[in-house]
**Q** 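Please see the structure below; I have some questions.
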Amino acid sequence: MKRILIPAGGVVMATGLLAAGLAGTATADTVVAKDTMASSAANAKAIAQFWAENNGAALKAAKESNVWDASDVAKLQSKGGYSSDTKPGSTAPIGQEKKTTTKVQNVNMPKTIGKVFFVNSKGEKKWCSATSIQSKYRNLVATAGHCVYDTATNSDVMDKWVFVPGYYQGKSPFGIYVGKQAFTHYDFDVYEDYDRDYAFVTVYNGVKLDGGQSKQVSKAEFDKYEGVKDAKDVEITREEFRRGKLDPTSTEAYWAKRGSKAELTGPDYPGAEVIKVEVTEGVWKQARVGKGNGRKFGTPITEIVTESQAVAYAKKQDRHFDLGERWPTPTKEYPATVSKDRRGNYTITHYYVQQWQKPGSDTKYYKTVFFIIEGFAKDAGRLGDNVGGQGFAWNQPTGKYVRVFGYPAAPHPDGNKNYTGVTPKWCYGKTSSKLQGSAAKKIEEHVALKCAMTEGADGGPWLYNYSNSKRLGYVNGVISTFNDQDGNGRVDYISSPYFDGETNTVYKAASAVWSGKIV
């Protein structure tokens, strides 16, 4: 449910588009959603090592986030002017506060920006843009909500989430900062409402890596080791599983994932498969033709057998059977009909009907290989101490100048690719009035800026009152969507949720939480 009071009437968009607020206020317990990311220092160490080993190979392999596709890049509609739920407010940035402002033409990139890397539910390595932001413990990152929560599968937070400020081609000059806890608006966490597409993530102290070496060890050594470690599951054959379980010298753990039994169902169940069930001749004759449980499955199958085979099957039907008697009556367990034809051949005739089922799965066998990482990491200190932290502003009037930063990489809808994602880019201009966008993403209250950055820049900060000399300003939005206003197949506007009093409630909840060290 939207908490925004929509003014009557609309405003035609000219050069800008943006903004809105919420009607009334809400308490923190109805606004803030929070989820654990790396739950322990040991877990965080393993995550940092995942991204850092082999000279940052995983960082280099990551691709820009792909929440938005060409069909989502649509025209935004102006919906009205500025409104807010509480008075405007701001929290000052940290770092380099004493520098004086000077007028320069070139834009100095803020030290606070970088990329967040994560693994989504498909196992894909992805990244978005983000910034360090002021907080009590100098440990907070601001980005888009869809760069933290896996909206594609409506699941929880992304896996192996880290922030790398100043990232450049696999290098982490200020260290790697592993996410500890994610804070977002309840409406985004539960309803995926992109009017609340922002998130604040507390991070552990950074770690700097020296390319530690992996060493395979036993399960006992793995459990005892307190440093960075890793375990990998490998599928093996049943024979390997049996040999491994019997080998007392093995350093690996062997385990099986039991298969499931098939479940009986109807012919219209998705993925259902038909099997044949043997029945007596009488049941088969009464069965109808067609698709469905109990219907005939083909024609009877007659096999010519030897006398001893025919007698052996008949004795299963009646253990007292003698060849001089009539053939016994078929049973449920042994339903085939045994007979001797006019030519003297002994025959066994089988009759089948249909049964539809949901297939089961086979048992699979695995071994777990254990590694410890030696000579690996040292503490890099708190994020805010190393790169500073942008301030935070909420309920600001629209139509104000902002400078937006991000790492764009995706091609435009027409396939033109202007950006590489290697270095950050920026845009500058006035924010628009309130607008409406993608209905699928529930966007009714965004603000926009004329800017041609593409995906990969999502999560990047919108900085109000940015000082080029101090490289600091006030986060007043994050890149959420990419839009094509003139319909030429190129992104020409980006948008952000409007930062109002409820955004401030989420931010304040996150900014007061301690995280601690990894090493």
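All values reported here derive from a predicted model rather than from experimental measurement.
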**Q** Is there a side-chain contact between W51 and V178, using heavy atoms and a 4.5 Å cut-off?
**A**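 No; the side chains remain at least 4.5 Å from each other.
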**Q** Between F370 and Y225, is the gap from one ring center to the other below 6.0 Å?
**A**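 Distance test on ring centres: not under 6.0 Å, no.
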**Q** Is there a side-chain contact between F163 and K115 (heavy atoms, below 4.5 Å)?
**A**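 A side-chain contact under 4.5 Å is absent here.
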**Q** Short question: side chain of D187, backbone of R196 - any donor-acceptor pair under 3.5 Å?
**A**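 Such a contact is absent between D187 side chain and R196 backbone.
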**Q** Check whether any side-chain heavy atom of L463 sits under 4.5 Å from a side-chain heavy atom of V475, and report yes or no.
**A**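 Answer yes - side chains close enough.
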**Q** Below 4.5 Å, heavy atoms only, C-beta onward: do L383 and R138 meet side chain to side chain?
**A**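 Answer no - side chains too far apart.
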**Q** For the residue pair P165 and G175, what are the closest heavy atoms and their distance?
**A**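 Nearest heavy atoms, P165 then G175: CD-O, 3.9 Å.
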**Q** Should V141 and T131 count as side-chain neighbours, where that means a heavy-atom distance under 4.5 Å?
**A**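 No - every pair of side-chain heavy atoms lies 4.5 Å or more apart.
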**Q** Taking everything shown except K126 itself, do over 12 heavy atoms lie less than 6.0 Å from its NZ?
**A**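 More than 12 within 6.0 Å, yes.
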**Q** Determine whether the side chains of S260 and S361 contain a donor N or O and an acceptor N or O closer than 3.5 Å.
**A**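 Their side chains do contain a donor-acceptor pair, which is all the 3.5 Å distance test asks for.
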**Q** Hey, is D150 close enough to K122 for a salt bridge, meaning N to O under 4.0 Å?
**A**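 Judged by the 4.0 Å cut-off on N to carboxylate O distance, D150 and K122 do not form a salt bridge.
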**Q** Would you check if M453 and V404 make a side-chain contact, meaning some heavy-atom pair closer than 4.5 Å?
**A**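 Counting from C-beta outward, M453 and V404 do come under 4.5 Å.
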**Q** Under 6.0 Å from the ring centre and within 45 degrees of the ring axis: does the NZ or CZ of K160 meet both conditions for the six-membered ring of F50?
**A**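 Output yes; distance and angle both within limits.
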**Q** Flag the pair I133 / T112 as yes when at least one side-chain heavy-atom distance between them is below 4.5 Å, and no otherwise.
**A**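 No, their side chains stay 4.5 Å or more apart.
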**Q** For residues C128 and D458, report the shortest heavy-atom separation together with the two atoms involved.
**A**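 So the two residues come closest at CB-O, 3.3 Å.
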**Q** Counting only heavy atoms not in K364 (residues, nucleotides, ligands), do more than 12 fall under 6.0 Å from its NZ?
**A**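 Not more than 12 within 6.0 Å, no.
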**Q** Pick from Y198, Y464, F499: which one makes a ring pair (Phe, Tyr, Trp, His ring centres under 6.0 Å) with F392?
**A**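 Filter result, single survivor: F499.
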**Q** If a pair satisfies side-chain hydrogen bond (donor to acceptor under 3.5 Å, both in side chains) and one of its residues is in residues 506-519, list it, with sequence neighbours excluded.
**A**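 Qualifying pairs, neighbours excluded: Q134-Y507, N139-S515.
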**Q** Give me the atom names and distance for the closest heavy-atom approach of A393 to N476.
**A**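 Residues A393 and N476, closest heavy atoms: O-OD1, 3.1 Å.
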**Q** Give a yes or no answer on whether the side chain of Y204 reaches the backbone of A38 with a donor-acceptor pair at less than 3.5 Å.
**A**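 Indeed, once roles are kept as given, a pair shorter than 3.5 Å links the two residues.
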**Q** Which of these, T481, D197, L449, sits in a side chain to side chain contact (heavy atoms under 4.5 Å, CB included) with S495?
**A**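 Exactly one option meets the side chain to side chain contact (heavy atoms under 4.5 Å, CB included) with S495, and it is T481.
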**Q** Of all heavy-atom pairs between V478 and A144, which one has the smallest distance, and what is that distance?
**A**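 Minimum heavy-atom contact is CG2-CA, 4.1 Å.
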**Q** Are K232 and F371 in a cation-pi setup, meaning NZ or CZ lies under 6.0 angstrom from the ring centre and within 45 degrees of the ring axis?
**A**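 Yes, cation above the ring, under 6.0 Å and within 45°.
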**Q** Taking the six-membered ring for Trp, are Y428 and W426 ring centroids under 6.0 Å apart?
**A**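 No, too far apart.
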**Q** Is the Y167-Y407 ring centre distance short of 6.0 angstrom?
**A**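 Aromatic pair excluded; centres sit 6.0 Å or further apart.
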**Q** Is there side-chain contact between V148 and T184, with heavy atoms separated by less than 4.5 Å?
**A**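 No; the side chains remain at least 4.5 Å from each other.
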**Q** Ignoring hydrogens, what is the shortest heavy-atom contact between A231 and F222? Give both atom names and the distance.
**A**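 Between these two residues, the closest heavy atoms are CB-CZ, 4.1 Å.
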**Q** Do you know the tightest heavy-atom contact between Y419 and T454?
**A**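 Where Y419 meets T454 most closely, the heavy atoms are CD1-OG1, 3.6 Å.
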**Q** Which pairs pass salt bridge (charged side-chain N to carboxylate O under 4.0 Å, His left out) with one or both residues in residues 55-65, sequence neighbours excluded?
**A**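 Sorted pair list comes back empty.
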**Q** Any chance the rings of Y194 and F188 have centres within less than 6.0 Å?
**A**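 Ring centroids of Y194 and F188 are less than 6.0 Å from each other.
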**Q** Please check: side-chain N/O of Q396 versus main-chain N/O of W394, any donor-acceptor pairing under 3.5 Å?
**A**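 It does hold such a pair.
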**Q** Can you tell me how far apart OG1 (T505) and NE2 (H185) are? Round to the nearest 0.5 Å.
**A**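 Going from the OG1 atom of T505 to the NE2 atom of H185 covers 8.0 Å.
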